[in-house]
Amino acid sequence: VEFYLKGIFNKRRLLHHSILGADMSNLKEAGSQENLSQPIKVYWQPGCSSCLKTKEFLIDNGVSFESVNVLDDEKGFAELQSLGIKLVPIVARGTSWANGAVFRDVAKVAGFEYGAHKMLAPEIIKDKILTIVDAAQRYLEQIPDSELDEVLPGRPRSYRQLVYHVFDIPKVFLDRVEHDAPYTYEALKSILPDTMKTKNDLMHYGADNRARLQTWWEREGFSTDFEQPGKVYYGDVTLHEVLERTGWHSGQHTRQIILMLREKLGIEPNGPITDTDLSGLPLPKNVWDNERSFDEGAFAEKAETWQDAKTG
C-alpha cells in the first residue's frame with residue numbers, strides 16, 4: 001500500500017506534462033521558414049535507449065544537430081526546463097519541439113519526410129518480450145550481490161536499477177492496458193520501491209511481470225485492438241507502437257546488461273540474447289551510446305533517488 005500511494009504521488013507530481021501525448025510536443029511552427037533557419041538541438045542523457053535511438057535516427061537521415069547532454073550541461077538543462085519539461089529525449093528547433101520517441105514528430109521538427117517501418121505482429125512482439133525478460137532474469141542471477149549497487153558510467157543508474165527497468169517496462173504497459181493507468185515518464189523511472197531490497201525481491205518482480213504478460217495475452221491480449229490510441233506521455237501513437245516500444249526498449253537495456261556483465265564484471269552472460277531473438281525490433285545500432293564510452297568510470301558513488309533525480 002505504501003508503494004502504491006507513493007507511486008500515485010509521484011505520478012501526480014508531473015501530471016501536467018506526462019499523461020497525454022498532446023502535451024508532449026509543440027509542432028505549430030515546425031515548417032515555418034523562421035524555425036527551419038534555426039539549429040536543431042537534441043537534449044539527451046547517456047544510457048537512455050530512446051535518446052540514442054533519436055540521435056541515430058537524425059544521423060541516418062543526414063540531419064546535423066547540437067547534442068546537449070543534460071546531465072553534464074547545466075545551461076542546456078536550463079534550456080530544456082524553459083520548454084516546460086524535465087525529460088529526455090527532446091528534439092527542439094526554434095519554437096518547435098517534439099519528444100524523441102515519436103519519429104514522425106521529430107521529422108516534422110527537423111524538416112524532412114518520415115517513412116514508417118513495418119512493425120512485427122503483436123503476438124511476435126509479445127513472445128520477444130518474454131524472451132527478453134527471461135534473459136534479464138538469468139543475468140540478474142549472475143550479478144554478485146556486492147556489485148548490484150555499483151553505478152553505470154555517464155548517468156546515476158545502478159546495475160540493480162538497470163535490471164529493474166527491464167522488468168518495469170512491460171509492467172507499465174500492462175498497467176495501461178489492464179487498468180487504463182496513466183503511462184507517464186516517471187512511471188518508467190528506474191527507482192526501486194523501498195520494499196524491494198534484495199536480489200530475490202527483484203527476481204520475483206521480474207517473474208511476476210512475465211507471468212502477468214503471458215496471462216494478459218491469453219485472456220484478452222490476443223483479441224485487443226492494437227490500432228487504438230496508445231494514450232502515452234510521449235506522443236500520438238497506437239497501442240501497437242507502444243507494444244513495439246515495450247519490446248525494443250526492454251531489449252536494448254538487456255543488451256546493456258550483457259555489456260555490463262562482460263566489460264564491468266568480467267562475467268560471460270548465461271545464454272546471451274541473440275540477434276535472432278531481437279530481430280524485427282527497431283533497436284539502436286549502438287548498445288550504450290554513440291558519443292560516450294562504456295569504458296568510463298561510475299558516474300557517481302550512489303544511484304539517483306526520487307529526491308535527487310534530475311530528469312523527471
Side-chain angles (χ1 to χ4, degrees), residues 1-15 18-19 48-50 87 101 122-123 125-140 148 157-222 224 226 230-234 237 239-254 256-257 273 281 303-304 306 309 312:
V1 174
E2 179 182 355
F3 171 53
Y4 177 78
L5 292 175
K6 182 178 179 181
I8 293 296
F9 170 75
N10 285 325
K11 286 175 181 175
R12 287 176 177 169
R13 270 197 316 141
L14 299 177
L15 205 57
S18 58
I19 286 186
C48 163
S49 57
S50 293
L87 55 81
E123 183 171 14
I125 298 174
K126 177 266 299 179
D127 288 340
K128 289 183 180 294
I129 295 170
L130 295 176
T131 297
I132 288 164
V133 173
D134 286 342
Q137 286 186 289
R138 293 196 304 273
Y139 307 150
L140 173 58
L148 279 170
R157 172 180 280 173
S158 69
Y159 301 171
R160 187 192 304 267
Q161 289 177 330
L162 177 59
V163 178
Y164 171 78
H165 192 46
V166 172
F167 296 155
D168 201 46
I169 293 166
K171 186 260 188 189
V172 174
F173 172 81
L174 288 165
D175 287 347
R176 155 66 183 88
V177 293
E178 291 187 317
H179 308 301
D180 201 27
Y183 191 110
T184 63
Y185 182 80
E186 65 274 17
L188 288 167
K189 289 289 284 183
S190 55
I191 299 174
L192 283 70
D194 294 338
T195 54
M196 197 176 296
K197 299 182 181 300
T198 68
K199 181 193 287 190
N200 197 45
D201 291 338
L202 190 51
M203 288 291 295
H204 281 302
Y205 185 68
D208 289 347
N209 287 335
R210 186 204 190 282
R212 185 179 164 194
L213 178 61
Q214 182 65 52
T215 300
W216 168 78
W217 182 265
E218 293 172 354
R219 184 183 66 246
E220 61 188 273
F222 71 94
T224 293
F226 283 95
K231 295 197 292 185
V232 295
Y233 72 89
Y234 51 83
V237 297
L239 189 62
H240 195 171
E241 291 174 290
V242 180
L243 180 65
E244 181 189 59
R245 187 173 189 271
T246 301
W248 75 254
H249 190 185
S250 56
Q252 174 68 2
H253 286 302
T254 301
Q256 293 177 352
I257 296 172
I273 204 163
L281 296 176
E304 68 178 0
W306 285 116

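Values below: all heavy atoms of this structure, side chains included; hydrogens, waters and symmetry mates excluded.
- Between the CG atom of L140 and the CG atom of N200 there is a distance of 9.5 Å, given to the nearest 0.5 Å.
- Just one residue in the list S49, S50, S250 forms a side-chain hydrogen bond (donor to acceptor under 3.5 Å, both in side chains) with R245, and that residue is S50.
- Salt bridge annotation for D175-K171: present, with a cationic side-chain nitrogen under 4.0 angstrom from a carboxylate oxygen.
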So I132 and L281, side-chain contact (heavy atoms from CB on, under 4.5 Å) or not? Walk me through it. CA-CA 12 Å; I132 288 164; L281 296 176; 4.2 Å; yes

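- Panel note: side chain N209, backbone F167; a donor-acceptor pair is recorded below 3.5 Å.
- Of the inter-residue distances, the one linking R210 atom CZ with Q137 atom CD reads 7.5 Å to the nearest 0.5 angstrom.
- For the atom pair F226 CZ and E123 CD, the distance stands at 10.0 Å (nearest 0.5 Å).
- Ring-plane geometry between Y185 and Y233 is classed as perpendicular, the angle between the planes exceeding 60 degrees on a 0 to 90 degree scale with a lower cut at 30.
- Salt bridge E218/K126: absent, no basic N to carboxylate O contact under 4.0 Å.
- Between the CD1 atom of I273 and the OG1 atom of T254 there is a distance of 5.5 Å, given to the nearest 0.5 Å.
- In this structure, R176 contributes its side chain and G230 its backbone to a donor-acceptor pair below 3.5 Å.
- Nearest approach of G206 to V133, heavy atoms of both residues: O-CG1, 3.8 Å.
- Taking both residues in full, the closest heavy atoms of T246 and P170 are given as CG2-CA, 3.8 Å, listed atom of the first, atom of the second, then distance.
- In this structure, the side chain of Q161 does not engage the main chain of L192 through any donor-acceptor pair within 3.5 Å.
- Side-chain contact check for V242 versus F173: some heavy-atom pair is nearer than 4.5 Å.
- Panel note: side chain H165, backbone L188; a donor-acceptor pair is recorded below 3.5 Å.
- You'll find the side chain of H253 reaches within 4.5 Å of the side chain of I169, heavy atoms only.
- With rounding to the nearest 0.5 angstrom, the OG1 atom of T195 is 10.0 Å from the OH atom of Y205.
- Residues T198 and D201 have side chains that bring a donor and an acceptor to within less than 3.5 angstrom of each other.
- Between the CG atom of D168 and the OG atom of S190 there is a distance of 8.5 Å, given to the nearest 0.5 Å.
- Between K231 and Y183 the shortest heavy-atom distance is O-CB, 3.7 Å.
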